[in-house]
Amino acid sequence: MPGVTALPVFDFAVFFAAFDAERRDRGLSWYEFAEELWQQSSELNAQRMDHPLCGGAVSRLGARGAASCQYALFMLRWLGQAPEDFLAGPVADVGDNRLPEPGPGSRLRWDLNQLHTALSEQRQERGLTWPQLAREFGCTPSRLTNLRTARMADMDLVMRVTQWLGKPAAEFIHAAQW
């Protein structure tokens, strides 16, 4: 079995500080900020009649210290930055990591099934079992296998997976229109 690979972590504190500083620079309250995030997909929202983001919930992300990978895409899109910009530790050079540029008729979404498929293929090529791979990621095997059917996962896990694969997160993020 190969040795444990040192993987970077998604530094949520730095990520939160980045969008909070930009929010303050633009003079936005948390509720105005949430509205701007939501309006990035104004046409899609009108079609779906979705519930908007809550400014209070967005403001509490700093205290939580984490966000789902799907939720973080709202802020990454607003910042115009890739998730790799917020990694700490030994970061793999994955090449072009720019996120897709969706218009108001779509929203960025992780394709977690696609991520699971790539992870499973690499796991098999490297001759690893799910428990062995989970040890490399410092998680349970089910956190990895559940990516196949998951709608959400934590940002730190998906970024450790993309780094282990040596691929940009953008390869697994698409402009979705539903």
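Small disclaimer: the values here were computed from a predicted structure and weren't measured. For reference, positions follow the sequence shown, starting with 1.
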> side chain to side chain contact (heavy atoms under 4.5 Å, CB included) between H174 and R109: does it pass, once the steps are laid out?
Replying inline: CA-CA 5 Å; H174 310 284; R109 296 291 292 177; 6.0 Å; no

> Going through the checks in order, is the side chain to side chain contact (heavy atoms under 4.5 Å, CB included) test met by F15 and L87?
Replying inline: CA-CA 9 Å; F15 175 56; L87 291 176; over 6 Å; no

>> For a side chain to side chain contact (heavy atoms under 4.5 Å, CB included) check, start with the C-alpha distance between L144 and C139, then their side-chain angles and the critical distance, and finish with the verdict.
In response: CA-CA 8 Å; L144 299 176; C139 68; 3.8 Å; yes

>> Pair T149, N113 - check side chain to side chain contact (heavy atoms under 4.5 Å, CB included), show working.
In response: CA-CA 6 Å; T149 57; N113 181 272; 5.9 Å; no

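No donor-acceptor distance shorter than 3.5 angstrom exists from the side chain of E43 to the backbone of S106, with no hydrogens or angles considered. For the pair S120 (side chain) and T117 (backbone), a donor-acceptor distance under 3.5 Å is absent. Of the possible donor and acceptor atoms, none in the side chain of Q40 sits under 3.5 Å from a partner among the backbone N and O of P104. Side-chain atoms of E32 come within 3.5 Å of backbone atoms of S29 as a donor-acceptor pair (strictly under, hydrogens ignored).
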For residues 57-67, please give each side-chain donor-acceptor pair under 3.5 Å, one per line with the distance, not counting sequence neighbours.
{"from": "S59", "atom 1": "OG", "to": "G56", "atom 2": "O", "distance (Å)": "2.7"}
{"from": "R60", "atom 1": "NH1", "to": "G56", "atom 2": "O", "distance (Å)": "3.2"}

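The list of salt bridge (charged side-chain N to carboxylate O under 4.0 Å, His left out) pairs with a residue in residues 156-170, not counting sequence neighbours, reads D156-R160, K167-E171. Pairs engaging residues 74-89 under the side-chain hydrogen bond (donor to acceptor under 3.5 Å, both in side chains) rule: E36-W78, S41-R77, Q81-D85 [sequence neighbours left out]. For the ring pair (Phe, Tyr, Trp, His ring centres under 6.0 Å) condition, the pairs that include at least one residue of residues 119-140, sequence neighbours left out, are H116-W130, F137-W164. The salt bridge (charged side-chain N to carboxylate O under 4.0 Å, His left out) contacts involving residues 88-106 comprise D96-R98, where partners must be two or more places apart or lie in separate chains.
Taking the six-membered ring where tryptophan is involved, the planes of Y71 and F74 are perpendicular, since the angle between them exceeds 60° and thus also 30°.
With contacts defined as side-chain heavy-atom distances shorter than 4.5 Å, the pair L99/L76 qualifies. Contact check for V161 versus L7: no side-chain heavy atoms found under the 4.5 Å cut-off.
A single hydrophobic cluster is not seen to contain both F10 and M152; linkage of ILVMFWY side chains at heavy-atom distances under 4.5 Å, directly or through other members, places them apart.
Judged as a ring-ring contact (aromatic ring centres under 6.0 Å, His included), and not counting sequence neighbours, the contacts of F16 are F19, W30.
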